[in-house]
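Written below as structure tokens is the structure these notes are about.
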Amino acid sequence: MHIHGDMAKAVRLDGDRLPWVPSPLPGVERRMLDRVGSEVARATSLVRYAPDSVFSAHTHEGGEEFLVLEGVFSDEQGDYGPGMYVRNPCGSRHTPYSKSGCSIFVKLWQMDSLDQDFVRIDTVQQPWQSRKSGIYEMPLHRFGDEIVRLERWESGVKREIHAVGGLEILVLDGVLSEAGRQFESLGWLRFPPGAEVSLETSGGVLMFVKSGHLAGDLALPSHP
């Protein structure tokens, strides 16, 4: 399966309008944003768990990164409510489930094998840092060229960005404009290394942002 798998091309999607695709496990569905591979894949997805759904135990050979959007996601390590940011490094293993139901934004097989940090950050409790006029940042993780953070922009902010190592944005709240097109909650944008990106807000915007992570070559699953 190949969905927006060419990292040299820009992608702009309204994530909340994509169809839900059943996973092999009952009660777990996905909206596929990008994907290279079949069930074991390098993938970026919106995933929802129905109440009392369980995903079978598995190992993340290429690592896993996710942000809880709604509900409570759980595994052997604990319960993660809305706003929890989690990284499980390459080789980690767990059995995820949700008692109440949840939705998450998740990235698989997109982690450097040398990055072995387990990360658990409750973004609801973390302080914001002033970055530029009208822009606030909450750092989440950094390894090599990869930088992960939340950004909060006030109304009327305009920025021209040179995406040196690539740029990825998931709109969490508000409306973000890019090249004349508006993206609301779950709007997802991905720009290749070297792209020139023009962003603007008419109201406040909250977004999950990754940069620098598309410049290098990451291993793909051996059995896609």
Side-chain angles (χ1 to χ4, degrees), residues 15 28 30-31 33-34 42-49 55 58-132 134-154 165-174 176 185-190 204-214 218:
V28 182
R30 300 167 292 200
R31 283 172 163 162
L33 303 176
D34 67 32
R42 184 182 69 191
T44 304
S45 309
L46 298 167
V47 179
R48 69 178 179 186
Y49 284 69
F55 208 95
H58 54 275
T59 300
H60 287 292
E61 298 294 349
E64 173 193 49
E65 172 187 30
F66 66 85
L67 178 70
V68 180
L69 304 175
E70 296 178 326
V72 179
F73 177 96
S74 303
D75 63 12
E76 302 92 327
Q77 305 304 315
D79 301 318
Y80 313 113
M84 281 295 299
Y85 173 71
V86 175
R87 289 176 73 97
N88 295 317
C90 299
S92 59
R93 182 177 178 82
H94 69 161
T95 306
Y97 63 93
S98 181
K99 292 181 178 179
S100 60
C102 69
S103 63
I104 63 175
F105 171 71
V106 60
K107 299 179 71 65
L108 304 173
W109 272 96
Q110 297 177 52
M111 196 174 292
D112 192 311
S113 62
L114 297 178
D115 183 359
Q116 285 292 304
D117 287 344
F118 284 86
V119 177
R120 307 285 189 272
I121 298 176
D122 184 354
T123 65
V124 176
Q125 302 296 327
Q126 292 296 304
W128 289 93
Q129 301 175 7
S130 180
R131 179 177 172 188
K132 293 184 178 181
I135 299 179
Y136 300 86
E137 178 179 286
M138 183 185 298
L140 299 176
H141 188 70
R142 183 167 190 162
F143 186 87
D145 294 328
E146 177 189 11
I147 303 173
V148 189
R149 69 266 188 196
L150 293 185
E151 291 191 9
R152 192 179 78 225
W153 293 20
E154 295 178 351
L167 176 67
E168 182 177 350
I169 296 169
L170 178 71
V171 178
L172 301 173
D173 191 33
L176 181 69
S185 180
L186 301 186
W188 182 71
L189 303 92
R190 191 192 72 203
V205 173
L206 174 65
M207 48 193 170
F208 174 85
V209 181
K210 286 172 66 77
S211 59
H213 61 305
L214 300 175
L218 292 176

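The first residue of the sequence shown is numbered 1, and numbering continues consecutively from there.
To the nearest 0.5 Å, atom CG of residue Asn88 and atom CG of residue Asp75 are 6.5 Å apart. The CH2 atom of Trp188 lies 9.5 Å from the CG atom of Leu170; values are rounded to the nearest 0.5 Å. In this structure, Arg31 CZ and Ser103 OG are separated by 9.5 Å, a value rounded to the nearest 0.5 Å. A distance of 4.5 Å separates CD1 in Ile147 from OG in Ser211, rounded to the nearest 0.5 Å. Atom CD of residue Glu70 and atom OG of residue Ser100 lie 10.5 Å apart, to the nearest 0.5 angstrom.
Put simply, the side chain of Gln77 does not reach to within 4.5 Å of the side chain of Phe118, judged on heavy atoms. Proximity of Met111 to Trp109: side-chain heavy atoms (C-beta onward) are nowhere separated by under 4.5 Å. In this structure, the side chains of Phe208 and Leu140 come closer than 4.5 Å at one or more pairs of heavy atoms. By the 4.5 Å heavy-atom criterion applied to side chains, Tyr80 and Arg120 are counted as neighbours. Counting heavy atoms from C-beta outward, Cys102 and Val72 have side chains that stay 4.5 Å or more apart. With a 4.5 Å cut-off on side-chain heavy atoms, Leu69 and Ile104 do not count as touching. Residues Asp173 and Ser185 are not in side-chain contact: their nearest non-hydrogen atoms beyond the backbone lie 4.5 Å or more apart. Proximity of Phe143 to Asp112: side-chain heavy atoms (C-beta onward) are separated by under 4.5 Å at one or more points.
Under a 3.5 Å cut-off, the side chain of Gln116 and the backbone N or O of Cys90 do form a donor-acceptor pair. In this structure, the side chain of Asp122 engages the main chain of Val124 through a donor-acceptor pair within 3.5 Å. The backbone N or O of Thr44 lies less than 3.5 Å from a partner atom in the side chain of Asp34, making a donor-acceptor pair.
Asp115 and Pro89 make their closest contact through O-CB, 3.5 Å (heavy atoms, listed as atom of the first residue, atom of the second, distance). Residues Phe55 and Thr95 come closest through the heavy atom pair O-CG2, 3.4 Å. Nearest approach of Val68 to Gly71, heavy atoms of both residues: CG1-O, 3.7 Å.
With hydrogens and angles left out, the side-chain atoms of Ser92 and Glu64 include no donor and acceptor closer than 3.5 Å.
Of the options Val148, Leu108, Val106, a side-chain contact (heavy atoms from CB on, under 4.5 Å) to Glu65 is made by Val148 and by none of the others. A side-chain contact (heavy atoms from CB on, under 4.5 Å) with Arg149 is found for one member of Arg131, Met207, Gln129 and no other, namely Arg131.
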Verdict with reasoning, Met138 to Thr123, per side chain to side chain contact (heavy atoms under 4.5 Å, CB included): CA-CA 8 Å; Met138 183 185 298; Thr123 65; 3.6 Å; yes

Side chain to side chain contact (heavy atoms under 4.5 Å, CB included) between His60 and His94, intermediate numbers included: CA-CA 8 Å; His60 287 292; His94 69 161; 3.2 Å; yes

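The pair Arg87-Glu146 meets the salt-bridge criterion, since a charged nitrogen lies less than 4.0 angstrom from a carboxylate oxygen. A salt bridge links Lys107 with Glu168: the closest approach of a Lys/Arg side-chain nitrogen to an acidic carboxylate oxygen falls below 4.0 angstrom.
Here the two rings, on Phe66 and Phe105, have centers that are 6.0 Å apart or farther. Residues Tyr97 and Tyr49 keep their aromatic ring centres 6.0 Å or farther apart.
For His141, the ring-ring contact (aromatic ring centres under 6.0 Å, His included) test picks out no residue, with sequence neighbours left out. Taking the side-chain hydrogen bond (donor to acceptor under 3.5 Å, both in side chains) definition, one finds that Arg93 meets it with Thr59, sequence neighbours left out.
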